[in-house]
Amino acid sequence: MSETKTNVTANQPEQRELRYDPQRIEEKWHARWEADPTLYAAEPHDSKRKKYYVLEMLPYPSGALHMGHVRNYAIGDALARYMWMSGHNVLHPMGWDAFGLPAENAAIKNNVPPRQWTLSNIAHMKAQMKRLGFAYDWSREVTTCLPEYYKWNQWFFLKLYEKGLAYRKKSKVNWCPECATVLANEQVVDGCCWRHEETQVEQRELEQWFVRTTNYSEELLAGLDKLEGWPEKVRTMQRNWIGRSEGALVDFKIDGPTGSAGDKITVFTTRIDTIFGATSIQLAPEHPVVADLIGNDPHLHSKVEDLMREQVRAREAGDVGAIEKHGVFTGRYAINPFNQEKAPIWVANYILMDYGTGAIMSVPAHDERDYEFAKKYDLEIRIVILPRRTGEPPAHGEPEQPVLPYTEKDSLLINSGEFNELSNQEAIEKMSAVAEKKGFGKRTVTYRLKDWGISRQRYWGTPIPMLYCEKCGVAPVEEKDLPVVLPENVDITLQGGSPLGRLPDFVNATCPKCGGSARRETDTMDTFVDSSWYFYRYTNAQLADRPLDTATVDYWFPIDQYIGGVEHAILHLIYSRFWTKFMRDLGIVRNDEPALRLFTQGMVIKDGAKMSKSKGNVVSPDDMVAQFGADSTRMYSLFATSPDRELDWQEAGVEGVHRFLGRAYRFVMRNAGAARGSQSRDGARSAELSPKSRQIERKLHQTIKRVTEDFQGRWHFNTSVAAIMEFVNELYGAEDEISSGRFPRELLADVQRRLVLLLAPFSPYLAAELWEVLGEHQNLLRHPWPAFDPALAREDEITYAVQINGKLRSHVVLPAESPEDLVRERVLADEKVRAAIADKQVAKVIVVAGKLVNVVVR
RNA sequence: GCCGGGAUGGCGGAACUGGCAGACGCAGCGGACUUAAAAUCCGCAGCCCUUAAAAGGGGCGUGGGGGUUCGAGUCCCCCUCUCGGCACCA
């Protein structure tokens, strides 16, 4: 093969060399890089170079890479390569988030075992990544579905249990009676099962494992302030998710007979100051006291059932905001402890049991939702607070719309007994104090954040290492018995019950406490457990006796840059932060946060819509690589727009980048002769250069400056690539001088070497090829990033834009660094400027140094 | 409903702290090379008016309306459309 190719080259050297053929170049270097597995390996420890840990979110092995992956990894790879060249010891790993539902769905659909399906997907996607030229240290690869990894999920679970951070409680799941199995939200379509479209999904209560993420609510919230390298958007989303709110709990005594749920209703309110306007109590349909209040009235029972169903349906549809508010009066009353008034007790579909206490005091005059509800059911609306400045309050009669919460300092309470005339803040203080003193309430802080339910009633996940003994009850598997291996020969296409529950070999176990027979937990873990700590495992992926080595983690952590999609802004990134804090408290890591800096890249769309099979607008990375090469595909994904914005994929754009790379390729192929054997030129002799070659030298330094600053600052790689394009265009403009031999040989050599270095993070294949063409042999990643000389980048002359009253009227060329007086003088002397001023008076001259002059005339 | 982005030529997008709007690329047009085409190389190019044409002028222009400023794509207020997130958060 290679013989034939050599002959062709020998026969037609010119043509052969000048055509940019990415397939030939990329296949050649792909083979060489494959032969050297240590090429992108990070040093275990390096005291001379600073460490840099760049991490891209690991993919789910769905079958093939999509353009969103390519974009994510092109960003990370460019950064990793730049950091290598800037002299860092770079850790750049990759792995697979390999457990999860799609493998089970595929198994059911195509009758392939989940493990086989997953592993073959991984093999394919890994080959795609390698073909795209991503510089990963594959010796650290992590695959979460392998026992070597999930063993440590189980180990962590035992630690959580030991620390009281894992516990069991009843919780609702979607249940399909036809499948006799639990469904994920994703498997519920319009309230029905995905496999049985006629079958209504039921809600069932099951004992499930939870992790006490809420123990860390305050710290997770406070930590956000320190994460300055995270997008403000993500920090805001997490703050809202954690949802700290200060308020008070207030007890309302139930009037009349009560039952097992107690004789009072505790409400949570952030606005205790409005309590004199509380004209009813609203309960969540699941509130325990509801059963006591409605007794066995069949009508009320069915009404409450309806309300509950409405709430569940709205939640599933993700449409809770739009729920039409319904409620039912229980016929009972509760006593407002502040004024002893009787407030009717209602049950309402918009009250959530899992926030606050599941009971609220309804203040229709000052809350929109309460107002809407009160209007609908004709409940009393009583104004109790107004801005002081409005003067006469409409103290009687109902407002046209809710008089929304006044929190200004000059607000004023009315209709509130002894608290009248107080401001909102004063009232909150005083009323809370009174409630605490009299024992019917107290100040409190609540969070929206809930504990993390990690039980999944499915097969393809990490088995939860717990046992149930008839005598001893719940018992953890002993550490020495880990891993609890997920059985492989399981027929998950059978319907009914848990696949693991059908395997006697799996289920039947021995109790570690009493030695008697025990039943094994058949639930598996949420896959978010896998992704909560995988990035620690990369630091020592082969470690057999521990999940991680503390000293090694200490060297690499925190992650210097984490890159991924904004869709993970909440769940994954909160669980990861929680896990880090948990590990810190276990004493096995020392950092508080997993990542110092986070970058969320924009979505890849096509023709204005998200790529999806049903729309038929999916672009395959393989097709792009086959047509234009990996370099062009990657570079286009960086060039089309800045990385944080949505990217509209245009194939013609890839072709354009391919054309540009061809131009760069041809320039070096034509002029490499000058570089080979020539010493690099180190500036400082600009005075001897012709105007053209000085211009090239200046542009070279300006380009290095722009690209370097993009890496250090905003990551607008689209402008980096544009800058390199401009530079190459400039080189083509000097071709006459170059081909005639008048261009300084050393400068020509220098220009080419630095051009190739600038291309290296974006188009690694082409850079490697051209580096070799230039007679260089050192691995580009070990070569220092080019430096620029600010003095050589500076312009000698500046063209000032001249405005008259803000309208552009002329341009004046002046030597750089002209003093302001001279600029003013020369501008006012300019012919066009004088004509524009004519006989008007010059009122002011504004000089913006190095840029613009605005002459204000009257 | 709430929260958070976004809107710039025919298209993707530049313009970093308010300072020449449209860099760079695509598509388009003209030219060179070629028997021809492709490829390549060079050039033109926001819209409108003025002009026989060109040069040159002039006006308009960053979703819409107001404002601040010598000067606004950029800052402030109101509105429209659009994308994303959501657990009605009491």
Side-chain angles (χ1 to χ4, degrees), chain A residues 15 18-20 231-234 236-237 240-241 243-245 247 267-271 274 282 311 314-315 318-323 325 348-352 354-363 367-370 372-373 405 446-450 566-567 569-570 602-603 605 608-610 636 639-642 644-657 659-660 662-663 666 709-710 713-714 716 718-726 729 732-733 735 799-811 843-857:
Chain A
Q15 300 238 321
L18 290 183
R19 209 188 115 237
Y20 169 50
E232 197 48 55
K233 183 167 81 167
V234 174
T236 304
M237 285 164 89
N240 292 341
W241 189 261
R244 182 183 202 275
S245 72
V267 303
F268 172 69
T269 177
T270 54
R271 294 300 307 274
T274 62
Q282 308 287 342
Q311 186 175 99
R315 275 199 191 205
D319 203 17
V320 217
I323 190 172
K325 293 173 180 56
N349 62 355
Y350 70 100
I351 307 299
L352 305 171
D354 47 21
Y355 182 78
T357 59
I360 65 156
M361 58 177 210
S362 177
V363 185
D367 182 285
E368 267 183 277
R369 285 160 302 154
D370 295 348
E372 191 185 330
F373 193 88
T446 40
Y447 300 89
R448 285 179 6 133
L449 188 71
K450 300 177 199 165
V566 74
E567 66 272 19
I570 311 234
M603 236 170 37
I605 60 166
K610 202 170 167 175
Y636 170 71
F639 173 65
T641 181
S642 51
D644 54 322
R645 292 177 50 135
E646 195 168 83
L647 189 162
D648 194 347
W649 195 270
Q650 295 193 345
E651 199 167 307
V654 190
E655 197 175 341
V657 169
R659 222 160 12 220
F660 157 69
R663 270 164 82 80
R666 282 185 296 278
E709 284 173 354
D710 274 334
R714 307 182 305 156
H716 282 198
N718 51 332
T719 57
S720 311
V721 174
I724 302 173
M725 285 174 170
E726 281 181 51
N729 291 344
Y732 270 73
E735 281 267 41
T799 303
Y800 275 87
V802 183
Q803 299 178 334
I804 310 291
N805 287 349
K807 294 255 178 208
L808 184 67
R809 283 293 179 268
S810 182
H811 285 103
K844 215 197 286 188
V845 179
I846 290 151
V847 178
V848 182
K851 277 187 182 154
L852 163 150
V853 178
N854 189 12
V855 182
V856 185
V857 299

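All values below come from the heavy atoms of this structure, side chains included, with hydrogens, waters and symmetry mates left out. Since the structure is predicted, the reported quantities are computational estimates derived from the model, not experimental observations.
- Residue A/Arg244 is out of contact with every strand shown, counting any heavy-atom pair closer than 4.0 Å.
- Residue A/Asn718 is classed as a sugar-phosphate contact, given heavy-atom separations below 4.0 Å to backbone atoms only.
- B/rU69 sits 23 Å from B/rG63 when the C1' atoms are compared, rounded to a whole Å.
- Remark: C1' of B/rG6 and CD1 of A/Ile605 are 11 Å apart, rounded to the nearest angstrom.
- As rounded to whole Å, 10 Å separates atom P of B/rG58 from atom CG of A/Leu808.
- The separation of B/rC76 from B/rA90, taken at their C1' atoms, amounts to 33 Å, rounded to a whole angstrom.
- One cannot find a donor-acceptor pair under 3.5 Å joining the base of B/rC16 and the side-chain atoms of A/His716.
- Spacing of P atoms, B/rU82 relative to B/rA87, comes out at 23 Å, to the nearest Å.
- Nucleotides B/rU62 and B/rA36, compared at atom C1', are 45 Å apart to the nearest Å.
- Atom-to-atom, CD1 of A/Ile570 to C1' of B/rC89 comes out at 14 Å; the value is rounded to the nearest Å.
- In this structure, A/Gln311 places its CD atom 13 Å from P of B/rC89, rounding to the nearest Å.
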Strictly under 3.5 Å: I want the nitrogen or oxygen pairs between protein and nucleotides 26-28 of chain B, one per line.
unit_1	atom_1	unit_2	atom_2	d
B/rC26	OP1	A/Arg659	NE	3.1
B/rC26	OP1	A/Arg659	NH2	2.8
B/rA27	OP2	A/Arg659	NH2	3.1

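- Without hydrogens or angle criteria, A/Asn854 side chain to A/Gly806 main chain gives a donor-acceptor distance under 3.5 Å.
- With P as the reference atom, B/rC83 and B/rG12 are 15 Å apart, rounded to whole Å.
- When heavy atoms are screened at a 4.0 angstrom cut-off, A/Gln803 is found touching base atoms of the nucleic acid.
- Between the C1' atoms of B/rG84 and B/rG73, the separation comes to 23 Å (whole Å).
- For A/Tyr350 (side chain) and A/Gln311 (main-chain N/O), no donor-acceptor pair under 3.5 Å exists by modelled atom type.
- Counting any heavy atom pair closer than 4.0 Å across all strands shown, A/Asn240 reaches sugar-phosphate atoms only and no base atom.
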### Query
What pattern of brackets, bars and dots sums up RNA chain B from 5' to 3', given Watson-Crick or G-U wobble pairs under 3.5 Å, [ ] for crossing pairs and | for another strand?
(((((((..(((......[....))).(((((.......))))).(((((.....)))))..(((((..]....))))))))))))....
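- At a threshold of 4.0 angstrom between heavy atoms, the contacts of A/Ser642 are confined to the sugar-phosphate backbone, with no base atom among them.
- In this entry the distance linking CD1 of A/Ile360 with P of B/rA90 reads 11 Å, nearest Å.
- Comparing B/rG85 with B/rG30, their P atoms sit 46 Å apart, to the nearest whole Å.
- At the heavy-atom level, A/Phe639 lies under 4.0 Å from base atoms of the strands shown.
- Using atom C1' as the reference point in both B/rC75 and B/rA23, the two lie 24 Å apart (nearest Å).
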